[in-house]
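So the structure is just underneath, and the comments pick up after that.
Just so you know, these numbers use all the heavy atoms, side chains as well, and skip hydrogens, waters and symmetry mates.
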Amino acid sequence: MIHIKTPAEIEEYGQAGSLSKAALRLAGSLVRPGISTREIDSAVEGFIRLHGGTPAFKGYGGFPGSVCSSINEEIVHGIPSPTIFLNEGDIITFDTGATVAGWVGDNAWTFYVGEVSAEVRGLCEVTRDCLEAGIEQAVPGNHLGDIGHAVQHLAESHGYGVVREYVGHGVGRTMHEDPNVPNFGKRGRGVKLQVGMIIAIEPMITLGTYKNHVLPNGWTVVTDDGLQSAHYENTIAITEDGPQILTQDDEGPWCPMQGGE
Ligand code: MG
């Protein structure tokens with residue numbers, strides 16, 4: 001069942017969206033070679049709590065961290081660890097959210113760790129552009145397939161893979177609501193977008209194959225070929241005036257690509 005939100009509810013949601021973006025921005029600012037993913041996770045958790053939120057991911061389905069931290073070939077759900085350190089040339093995706101006043105924020109960004117190869121930077125830039133292309137389609141009267149098609153078309157035109165098993169989603173008082181928001185699809189197909197829907201759009205795009213598997217830890221999803229994967233996510237409301245990005249703080253809805261800034 002799709003929960004349609006009133007304008008007042010969308011405005012209320014904004015606090016969760018804003019804190020979620022600030023938390024993501026903080027995670028990115030801490031990126032440097034040699035730091036552990038646990039150190040970043042702890043800092044983000046402290047920041048969210050300090051600002052009156054609770055980390056939405058902590059304990060979700062038993063997830064042990066406040067931030068999913070997925071390095072290189074890890075697509076989603078990397079577990080922060082005191083023994084996993086960032087290395088020069090890595091890419092790191094943080095997916096994090098804050099719950100504020102009962103609303104759950106959700107956003108993700110892939111950052112560069114130091115100097116990253118041109119090939120991998122290209123993947124990240126196109127994936128970020130895929131998110132933008134998807135958001136542009138999130139207007140009343142369009143369909144979910146228009147979002148998926150825009151993402152898929154752009155990614156595949158660059159020869160990249162589009163992950164199928166993990167998708168965007170409705171979001172609100174719980175992290176995952178109907179509908180699913182796939183990163184592939186056909187124009188004009190799927191659920192019709194209506195004013196008052198809040199959805200997280202989150203392309204997960206791979207340098208090589210989009211085929212993937214879950215590591216023995218039961219969480220972390222990696223590409224089958226070990227090549228890099230990028231992931232950008234914003235939560236938006238469908239409004240009469242078009243898509244309104246709710247995961248934005250004072251600096252806006254986007255983060256720098258370069259970590260440590
Ligand atoms: Mg999400």
Side-chain angles (χ1 to χ4, degrees), residues 2-29 44 48 51 53 56-57 67 93-101 103-111 124-144 146-151 154 167-177 179-183 191 193-205 230-257 261:
I2 297 173
H3 296 276
I4 297 298
K5 281 82 175 177
T6 65
E9 288 176 321
I10 290 171
E11 192 171 333
E12 258 179 58
Y13 182 95
Q15 294 177 67
S18 165
L19 186 52
S20 298
K21 179 53 42 81
L24 184 59
R25 200 179 292 287
L26 171 70
S29 75
V44 168
I48 290 172
H51 289 86
F57 289 47
V67 181
T93 302
F94 298 116
D95 191 342
T96 194
T99 303
V100 183
W103 297 96
V104 181
D106 188 11
N107 60 178
W109 198 264
T110 302
F111 296 93
C124 292
E125 284 167 11
V126 168
T127 307
R128 181 197 54 192
D129 292 348
C130 284
L131 171 59
E132 204 163 5
I135 290 172
E136 275 172 19
Q137 295 298 319
V139 297
N142 264 5
H143 293 254
L144 282 174
D146 294 302
I147 296 175
H149 175 82
V151 170
L154 181 55
V167 296
H169 50 91
V171 59
R173 293 195 182 275
T174 57
M175 177 128 55
H176 294 104
E177 295 184 355
N180 279 342
V181 183
N183 295 304
V191 170
L193 303 176
Q194 298 175 53
V195 170
M197 289 172 67
I198 296 183
I199 55 172
I201 300 177
E202 49 179 319
M204 291 155 243
I205 307 297
H231 176 203
Y232 295 83
E233 175 183 31
N234 269 323
T235 296
I236 60 127
I238 314 259
T239 78
E240 268 154 27
D241 304 325
Q244 179 188 352
I245 302 180
L246 301 176
T247 40
Q248 60 177 313
D249 60 7
D250 294 344
E251 292 176 60
W254 304 97
C255 293
M257 301 299 279
E261 282 185 1

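With hydrogens and angles disregarded, no donor-acceptor distance shorter than 3.5 Å links the side chain of Tyr232 to the backbone of Pro203. Side chain of Trp109 to main chain of Lys21: no donor-acceptor pair is present (N/O by atom type, distance under 3.5 Å, no hydrogens or angles). Under the 3.5 Å distance criterion, the side-chain polar atoms of Tyr13 are matched with a main-chain donor or acceptor of Val104. Of the possible donor and acceptor atoms, one in the side chain of Ser20 sits under 3.5 Å from a partner among the backbone N and O of Ala98. Between the side chain of Lys5 and the main chain of Ile10, no donor-acceptor pair closer than 3.5 Å is present. No donor-acceptor distance shorter than 3.5 angstrom exists from the side chain of Asp106 to the backbone of Asn234, with no hydrogens or angles considered.
Here the closest heavy-atom approach between residue Ile4 and residue Gln194 is recorded as CD1-OE1, 3.9 Å. The shortest heavy-atom contact between Val67 and Phe94 is CG1-CD2, 3.5 Å. Residues Thr239 and Val195 come closest through the heavy atom pair C-CG2, 4.0 Å. Between Pro256 and Glu261, the shortest heavy-atom contact is CB-OE1, 3.5 Å. Closest approach of Leu19 and Val100 over heavy atoms only: CD2-CG2, 3.8 Å. In terms of heavy atoms, Pro243 sits closest to Ile236 at CB-CD1, 4.2 Å.
Thr247 has its side chain out of reach of Leu24: every pair of non-hydrogen atoms, C-beta onward, lies at least 4.5 Å apart.
Rounding to the nearest 0.5 Å gives a distance of 8.0 Å between CZ of Phe111 and CZ of Arg25. Note that CG of Asp95 and NE2 of His231 are 5.0 Å apart. Values are rounded to the nearest 0.5 Å. Note that CD1 of Ile199 and CG of Leu193 are 6.0 Å apart. Values are rounded to the nearest 0.5 Å. The CG atom of Asn183 sits 11.5 Å away from the CG atom of Leu154 when rounded to the nearest 0.5 Å. With rounding to the nearest 0.5 angstrom, the NE2 atom of His3 is 10.5 Å from the CD atom of Glu9. How far CE of Met175 is from NE2 of His169: 7.0 Å, rounded to the nearest 0.5 Å.
Side chain to side chain, Gln15 and Trp103 fail the donor-acceptor criterion of an N or O pair below 3.5 Å.
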Got a list of side-chain donor-acceptor pairs under 3.5 Å for residues 124-141, not counting sequence neighbours?
{"from": "Thr127", "atom 1": "OG1", "to": "Leu123", "atom 2": "O", "distance (Å)": "2.7"}
{"from": "Gln137", "atom 1": "OE1", "to": "Asn142", "atom 2": "ND2", "distance (Å)": "3.0"}

